[in-house]
Amino acid sequence: MTEKFQNFTTIKYSKHKQIARVVLNRPDRLNAFSATMHQELHAVLSDLNHDDEIRCVLLTGEGRGFCAGQDLGERKSGEKMDLGDKLENGYNKNLRLLKSITAPVVCAVNGVAAGAGANLALNCDIVVAKKSAKFIQSFANIGLIPDCNGTWILPKLIGLARAKAIAMLGTPVPAEQAEQWGMIYQAINDDAFSQEVDELLNNLANRPTRALSFIKNIFDESYGNDYSEQLDRERDIQRVCGLSDDFREGVAAFNEKRQPQFKGR
């Protein structure tokens, strides 16, 4: 599978060997979100939600930064606006699409991730970052609260005390600190970043995709379930997994002492 979409001006989007790559592409603005980028990302995420062949998705940024959040250059000084409406029809709409993608979504943070850019990254399934990267909850610096699900996900990742402090103070969190706190999966040496990200994508694309989809969903569900409800969900999903082709292949490969050839079914 090789497919490239050339009609986007703020996003690079390609598919190859069942891996989709989504690259935020406004490097002159540290990939800050414009109205056009919101619209183009929505088109990309909508396409991914209708593509059953994709087995892994990469989200990253072009240039020296991942995403600086919203492009404040589009806001007029002193202008009052309904940011709730802007959120609902921009970030929130796209985050709901991002969360509904069945394949695992890897975010490769290649530089600064600030404001909405930081929380966009944290909403992905696996987050890796260059050691030179930083995560900044910069909202309070302009009189706002964390959005893009930041108030939900940050306390769960790093605890309430740290979440409140970095949100109120706007303190940059270096990638290695983010890894130590459990905010991200891994901080990677800058010179090895591209290679290790590619290895991670290829690994995920060759794993049992349907089981991975169930894993991401049931972990999210666990926050709202009690003990007994979670046991019931594990039972129901394991029943489905046990009837899959990938489970049969996994058992056969184990017994035959070979690498499994999963098909994502």
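Bear in mind that the values here come from a model prediction, so they are computed numbers and not experimental data.
With Lys216 contributing its side chain and Ala103 its backbone, the two residues share a donor-acceptor pair below 3.5 Å. Between the side chain of Arg21 and the main chain of Ser14, no donor-acceptor pair closer than 3.5 Å is present. For Asn49 (side chain) and Leu45 (main-chain N/O), a donor-acceptor pair under 3.5 Å exists by modelled atom type. Using modelled atom types, one side-chain atom of Asp190 and one backbone atom of Lys131 make a donor-acceptor pair closer than 3.5 Å. Although no hydrogens or angles enter the test, the distance criterion places no donor-acceptor pair under 3.5 Å between the side chain of Glu249 and the main chain of Phe262. Remark: the backbone N or O of Ile218 is paired with a side-chain donor or acceptor of Gln230 at under 3.5 angstrom. One N or O on the side chain of Lys156 and one on the backbone of Trp152 form a donor-acceptor pair closer than 3.5 Å. Side-chain atoms of Asp125 never come within 3.5 Å of backbone atoms of Pro104 as a donor-acceptor pair (strictly under, hydrogens ignored).
Summarising the geometry, atom CZ belonging to Phe214 is positioned 5.0 Å from atom SG belonging to Cys241; distances are rounded to the nearest 0.5 Å. Interatomic distance, OG1 of Thr171 versus CD1 of Ile136, reported as 10.0 Å (0.5 Å rounding). Here the CG atom belonging to Leu24 is positioned 7.0 Å from the CG atom belonging to Leu41, to the nearest 0.5 angstrom. Between Asp191 atom CG and Ile188 atom CD1 the span is 11.0 Å, to the nearest 0.5 Å. To the nearest 0.5 Å, atoms CG (Asn202) and CD (Gln18) are separated by 11.0 Å. The CG atom of Asn255 lies 9.5 Å from the CZ atom of Arg258; values are rounded to the nearest 0.5 Å.
A donor atom on one side chain and an acceptor atom on the other are not found under 3.5 Å apart for Lys130 and Asn110. No hydrogens or angles considered: a donor-acceptor pair under 3.5 Å links the side chains of Gln195 and Glu199. No side-chain N or O of Tyr91 forms a donor-acceptor pair with one of Asn149 less than 3.5 Å apart. Counting only N and O atoms by type, the side chains of Thr10 and Glu40 include a donor and acceptor under 3.5 Å apart. In the model, Arg55 has a side-chain atom that pairs as donor or acceptor with a side-chain atom of Thr209 under 3.5 Å. Side chains of Ser34 and Asp71: no donor on one and acceptor on the other come within 3.5 Å. Remark: the Asp85 side chain and the Asn89 side chain contain an N/O donor-acceptor pair separated by less than 3.5 Å.
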Exercise. For Lys15 and Asp51, run salt bridge (charged side-chain N to carboxylate O under 4.0 Å, His left out): C-alpha distance rounded to whole Å, both residues' side-chain angles, the deciding distance at 0.1 Å, then the answer.
Key: CA-CA 11 Å; Lys15 302 175 186 178; Asp51 192 336; 2.7 Å; yes
Checklist entry - Given the rule in the salt bridge (charged side-chain N to carboxylate O under 4.0 Å, His left out) test, do Arg233 and Glu221 qualify, once you have shown the distances and angles that lead to the verdict? => result CA-CA 9 Å; Arg233 289 296 291 142; Glu221 289 176 21; 2.7 Å; yes
**OP:** Would you please test Asp245 and Arg210 for salt bridge (charged side-chain N to carboxylate O under 4.0 Å, His left out) and show each step?
**Re:** CA-CA 10 Å; Asp245 292 342; Arg210 197 175 187 199; over 6 Å; no
**Arg207 and Leu212: CA distance, side-chain angles, deciding distance, side chain to side chain contact (heavy atoms under 4.5 Å, CB included) verdict** = CA-CA 8 Å; Arg207 296 187 67 75; Leu212 301 189; 4.0 Å; yes
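Taking a 6.0 Å sphere around CD of Gln238, one finds it holds 12 or fewer heavy atoms contributed by other residues, nucleotides or ligands. Heavy-atom contacts from other residues, nucleotides or ligands closer than 6.0 Å to CZ of Arg29 number 12 or fewer. More than 12 heavy atoms of other shown residues, nucleotides or ligands fall within 6.0 angstrom of atom CG in Asp198. In this structure, Arg265 places its CZ atom where only 12 or fewer heavy-atom neighbours from other residues, nucleotides or ligands lie under 6.0 Å away.
Residue Ile166 is not grouped with residue Leu169 when hydrophobic side chains (ILVMFWY) are merged at heavy-atom distances under 4.5 angstrom, including chains of intermediate members. Clustering ILVMFWY residues whenever any of their side-chain heavy atoms sit less than 4.5 angstrom apart, transitively, puts Phe219 in the very cluster that holds Val240. Residue Leu122 is not grouped with residue Leu160 when hydrophobic side chains (ILVMFWY) are merged at heavy-atom distances under 4.5 angstrom, including chains of intermediate members. Linking Ile, Leu, Val, Met, Phe, Trp and Tyr residues whenever their side-chain heavy atoms come within less than 4.5 Å leaves Leu30 and Ile11 in two separate clusters.
Pairing each heavy atom of Leu97 with each of Ser100, the nearest pair is O-OG, 2.8 Å. Across Pro27 and Asn31, no two heavy atoms sit closer than the pair N-OD1, 3.3 Å. Taking all atoms of both residues into account, the shortest heavy-atom contact from Asn119 to Leu154 is OD1-CD1, 4.3 Å. Nearest heavy atoms, Gly61 versus Phe66: N-CD1, 3.7 Å. Nearest heavy-atom pair, Glu229 versus Asn225, reported as atom, atom and distance to 0.1 Å: OE1-CA, 3.3 Å. Residues Gly111 and Ala133 approach most closely at O-CB, 3.4 Å, considering heavy atoms.
A salt bridge links Arg96 and Glu88; the closest N-O separation between the charged side-chain nitrogens and carboxylate oxygens is under 4.0 Å.
Of the residues Leu48, Leu98, Thr60, Val105, the one that meets the side chain to side chain contact (heavy atoms under 4.5 Å, CB included) test with Val22 is Leu48.
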